[in-house]
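Contents: one structure, followed by commentary.
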Amino acid sequence: MTQILSKMKFNAVPANVSFPEMEEAILQLWHQKEVFQRSMKEREGGPEYVFFEGPPTANGRPGIHHVLARAFKDMFPRYKTMKGFHVLRKGGWDTHGLPVELEVEKQLGLAGKEQIDQYGIAKFNQMCKESVWEYLSDWEALTERMAFWVSLEDAYVTMNNDYIQSLWWILKQLWNKDLLFEGYKVVPYCPRCGTPLSSHELSLGYKEGTVDPSIYVKFAVKNEKNTFLLAWTTTPWTLPGNAALAVGENIEYVKVKDRSGAQLYLAKELTRTVLEPGYELLEEMKGSALVGKEYEPLFRFDSPAEDYAYVIAADFVSTDDGAGIVHIAPAFGADDLAVGQAHGLPILHTVDAAGQFKPEITPWAGVFVKDADPAITADLQARGLLYKAETYEHTYPFCWRCDTPLIYWAKKTWYLRTSDFQERLVALNHAINWVPDHIRAGRFGRWLENNVDWALGRDRYWATPIPIWKSDAPGSAYLECVGSLAELAAKTGQDLNDLDLHRPYVDEITWPAPDGGTMRRVSEVCDVWFDSGSMPVAQWHYPFANQEEWKTYQQADYICEAIDQTRGWFYTLHAVSTLLFDRPAFKNVICLGHILAEDGSKMSKSKGNIVSPWQIFAEHGADATRWYMYTAGPPGNARRFSSNLVAEVKRRFLNTLWNTYSFFVMYANLAPDWSPATNDKEDAAEETRPNAQLESRNSLDRWLLSELNRLVQDVTDAYENYDVTTATRPIADFVDDLSNWYVRLNRRRFWEGDATALRTLHHTLVTLSKLLAPAIPFISDEIYQNLVVAVEPGEPDSVHLATWPLADESVIDAHLRADMKLAQKVTTLGRAARETAALKVRQPLQQVVVRTRSEEERAGLERVTEMLLTELNVKELAFADDAGDLVEVEVFPLPRQLGQKYGRGYPVIRKTFAQMDQEELARRFDAGESVAVETDSQRYVVEAEDVEVRRSPKAGLSVAEDGGYLVAVTTTLTPELELEGHARELVRRIQQLRKDADLAISDRIRLTMPDTPLLTTLLTAHRDYILAETLTLEIASIPKSGPVADGASATFPLGAEKVTVGLMKA
RNA sequence: GGGCCUGUAGCUCAGCCGGUUAGAGCACUGUGCUGAUAACGCAGGGGUCCGUGGUUCGAGUCCACGCAGGCCCA
């Protein structure tokens, strides 16, 4: 035992490993060695690679979708660090906004703004501030456990004064450029939350199948007795706000008389669907003929100064639904407001900020508008102004947090004039590398093309206050924008260093206005998306500090989030950067698809199909989870997720990798003549030919190194192109080849301690650990620690501090690759052929006959003959062309060549050839002749290179065929072959017996065997082979009936005999 | 209603510039191999390549129109 210990070079590696436990140990190691910190520090002075962290909110629990995003975020900084870049990984937290407020409202049992005001803004915001960190420890733990390397200690926090001051500075810049303005705009508005919703918030709350009223209303035409314009609406509550009716100028309209005798105008196309049967057609006219007609307003709560209640033309009028005449309420629709402003129509504001009718709307004053729908409908009915009332099912927006139906409502608020920059937004987007590519012109591009001004204001509490002060003098429009705390202090003459830049404290700051009033802050706060979109600037508290850092880190090389951020963070980053700096905020972006449950449905709390990252980590580990995320499909696609899917990845890829590693360590530790120290340094960065020391005459070694270097090349290219799938999947394929081809075929060499083989495998595993480090940081470092750090002083302390491998193109051998592929193909077919004839691989056979597709392939196969013979356990290789009578011939016309040459002639040629004598055809083509095919009208000349002559073995052989290849094996067994088969069978039985007896792999043994005829013959012919294979010192032949020696024994059939073999440790 | 994406075996996914018989893994069944491997090999069942039309000598691949799902926008 001591003897073995002294030879030990690597820590023994158990074949069975608990990945989660191993990962915990690696976390400890990183902690002790401060690997993360050093991965940044040791690259200082190198080129910078800039990553922006999209800030999460810590008042919600992190879920598996966060693991997805963070896995993708993490790999590029790791890769670039290994490439020598300095990558600062500054974290960030999004801390403001409605989600936080709503959580606190819930806690406090408050409902709506009025109650918050009563409760007190100071106390409320204090609660928000604390609530923000509700799940901070969960986030920290998850970040650590999954090895997402990000600096949380110096993370930016959007609610900090420094951050807010930077936002004020940005707003001041925009103010100076006249890009901030207050204007009417119809916004989706949540009456309960008392705030407009941004377009990105709006998108969160659409509900299909919402049922609303659908009513057809009669507007009495002035000076035309008993005549009405028929208009349709699904929002009866907007009718008191009606200012006009719109028609399409070129749409055909009709005037009809219904059974009651009333005359109605409506679109011709819609008469059938809208009108009750029994109407009479009176007139037809274009919409333009209706323009200018005046009608009696339905209600007269306001008496606006402007002209209103007449027919106008609008291009958005359609005949898809309704009556082809559109009710226009400028206060309650974006189109309505636009067309209303164009015609100078009044904005009839009938609804207050709580979504209730104002006092002057006497019948329904104080009623929530949606609740007033039935009463309004009934009122119209009573006055004979309702044509009919139905219900209508459509998609309608609801508040994404509180589920209140939204209303469209004209509100005065602060806007950012992004639409002025629409062309620049689009132009700058072209410079961004989007993954997947289609987002650039597709979803994101489309969004930019349809850019509308950014509604920046929110009538809320816990967010960045808009730093605009307004004079409260009556009728005053005097405004000032404040760009810093110092500026504010100067205006007020106060020391404001301790001022909390939140409501209500900021609201309390006032100063005298030049027009005699007092400057008071406008009530609104900023859309939180402005916070995160401004992080490139604000994370550095720029321009108040960190001028150098800002210079270095102002533009990201890489960001990554899920696709829902197209209108969220991706947009706000791009918008702020374009408006301020006229350049994109990020150069490369991976836009991830969503995570779905195993059955492809959405993961949601209500369905109860949420998968906890912690559970998956505990079962399979973070590496397995990460690897699944990378390899499950293209990053932009939605991906299904479940424990089972991760388990499959672990079993197929991680276990294979681990076992190869474990195998290597076992044999390397047994080998007397080899240690990694005898390997020359493999520091790729320092040598132009990093693999020069690995040269080997062995074709399998050369093949493996060729494949490895090719892999390095492919994976490197993939990382450079942000192609995660290609950076990962080929590694799994390689590991499969490594384990099931290279290692399998070389077992004997490892057993013999072949230094070249060990060196090759060691180098391969170390290189693999580097290639895998960005993706699976735990296992890769575990391997690296044992294979490099533990044995090679002076090497980096962790794979994450190592340099990325360089591909050595000189060892990439395309021919060898092709040869080996062919060998694998032929082996597969050879096994199939054996299978058909029920010949075990253990049974040696005389000959394998192969038909290749070309001379080159034949030559290639000859180069790997030995390997092929070993794998197939046959004595000799022959080629079908040599096999004379055994061969059947077929001439196959190649579709590519002939199709291009003769087009529709190809099927004719194929048909004709099939009917011809194949032997004869083959002879002519082999001789280089061409063959003409003639039809009634055409003559097609087929050259030798247009066909493939295929030769297939006939009878007496067992045959398997695929893709133009054919492999046959001879089925006749000679006594010698049979005996050799028995020898192999015996060896296998003894090996199994050793295993069952729990012997160490290097233990020597003694055997007892009965002196049966077969065994006697066998031992005479193959004694040395059996001794060597099974580490047997001595075989004692005992009488067949005699007792078995002490120790293990096994009884099994061998040939026609049944034998019992006894085993003792020597 | 509009935009973007996806649709290939029971499941997860490949499938290049249109070209030989549409592949791999998982799962299932059978069988074999094995002193690294809960691994691997071989065989079998399993496919209207979402549908319909078109272009072409030839379409999973290109075009058009649909259908279904996802996401986004109205």
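Just so you know, these numbers use all the heavy atoms, side chains as well, and skip hydrogens, waters and symmetry mates. Chain identifiers are assigned alphabetically (A, B, ...) following the order of the sequence lines, protein sequences preceding nucleic acid strands; residue numbering begins at 1 within each chain. Since we're looking at a predicted model, the values are computed, not measured.
A/H620 and A/Y628 have their aromatic ring centers separated by at least 6.0 angstrom. Here A/F10 and A/F664 bring their ring centres to under 6.0 angstrom of each other. Ring-centre distance between A/F653 and A/W627: below the 6.0 Å cut-off.
Along RNA chain B, the nucleotide nearest A/N740 and the nucleotide nearest A/P634 are compared for position; the residue whose nucleotide lies closer to the 5' end is A/P634. Residue whose closest nucleotide on RNA chain B sits further toward the 5' end, between A/I990 and A/A638: A/A638.
For the P atoms, the distance from B/G45 to B/G51 is 23 Å, rounded to whole Å. Using atom P as the reference point in both B/G19 and B/U61, the two lie 11 Å apart (nearest Å).
Across all strands shown, B/A43 forms a Watson-Crick or G-U wobble pair with B/U29, both key distances being under 3.5 Å. Nucleotide B/C62 forms a pair with B/G54, judged by Watson-Crick or G-U wobble geometry with both contacts under 3.5 Å. B/U48 is unpaired under the criterion used here, namely a Watson-Crick or G-U wobble arrangement in which both key atom distances are under 3.5 Å. Searching all strands for a Watson-Crick or G-U wobble partner of B/G1 with both distances below 3.5 Å returns B/C73. Base pairing of B/A22 is not made with any nucleotide, judged by Watson-Crick or G-U wobble geometry with both donor-acceptor distances under 3.5 Å.
Rounded to an integer number of Å, the gap from CG of A/L745 to P of B/U34 is 14 Å. If you take CD of A/E561 and C1' of B/C72, they are 17 Å apart, rounded to a whole angstrom. What separates CD of A/E619 from P of B/A38 is a distance of 20 Å, to the nearest Å. Following rounding to the nearest Å, A/L738 (CG) and B/U37 (P) show an atom-to-atom distance of 16 Å. Separating the CG atom of A/D736 from the C1' atom of B/A14 is a distance of 15 Å, rounded to the nearest angstrom. With rounding to whole Å, A/F750 atom CZ is found 14 Å from B/U37 atom C1'. Atom CZ in A/F663 sits about 14 Å away from atom P in B/A38, given to the nearest Å.
Minimum heavy-atom separation, A/S214 to A/W232: OG-NE1, 2.7 Å.
For A/R640, the side-chain atoms get nearest to B/U12 when compared with the rest of B/U37, B/C71, B/U12. Distances from the side chain of A/I563 to the nucleotides B/G25, B/C71, B/A36 place B/C71 closest.
Between A/D754 and A/Y667, the side chains place no donor N or O within less than 3.5 Å of an acceptor N or O (distance only, hydrogens not considered).
If you run side-chain contact (heavy atoms from CB on, under 4.5 Å) between A/L768 and each of A/L657, A/T660, A/I779, only A/L657 comes through.
For RNA chain B, the residues of residues 649-659 of chain A within the heavy-atom distance limit of 4.0 Å (strictly under) are A/R651, A/R652, A/N659, sorted by number.
One N or O donor and one acceptor, one from the side chain of A/S739 and one from the base of B/A36, sit under 3.5 Å apart.
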Starting from the C-alpha separation in whole Å, work towards a yes-or-no answer on side chain to side chain donor-acceptor pair (under 3.5 Å) for A/N786 and A/Y661. CA-CA 10 Å; A/N786 197 15; A/Y661 160 59; 2.9 Å; yes
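A perpendicular orientation is assigned to the rings of A/F19 and A/W658, their planes being inclined by more than 60° (bins at 30° and 60°). Taking the six-membered ring where tryptophan is involved, the planes of A/W447 and A/Y571 are perpendicular, since the angle between them exceeds 60° and thus also 30°.
For the side chain to side chain contact (heavy atoms under 4.5 Å, CB included) test, residues two or more places apart in sequence or in another chain that qualify with A/V426 are A/Q422, A/H430, A/L448, A/E449.
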Might you list the N or O atoms of the protein lying below 3.5 Å from N or O atoms in nucleotides 3-9 of chain B, with each pair's distance?
residue	atom	partner	partner atom	Å
B/G3	N2	A/R443	NH2	3.2
B/C4	O2'	A/H438	ND1	3.3
B/C4	O2	A/R443	NH2	3.2

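Residue contacts for A/F444: at a heavy-atom cut-off of 4.0 Å it reaches no nucleic acid atom on any strand shown.
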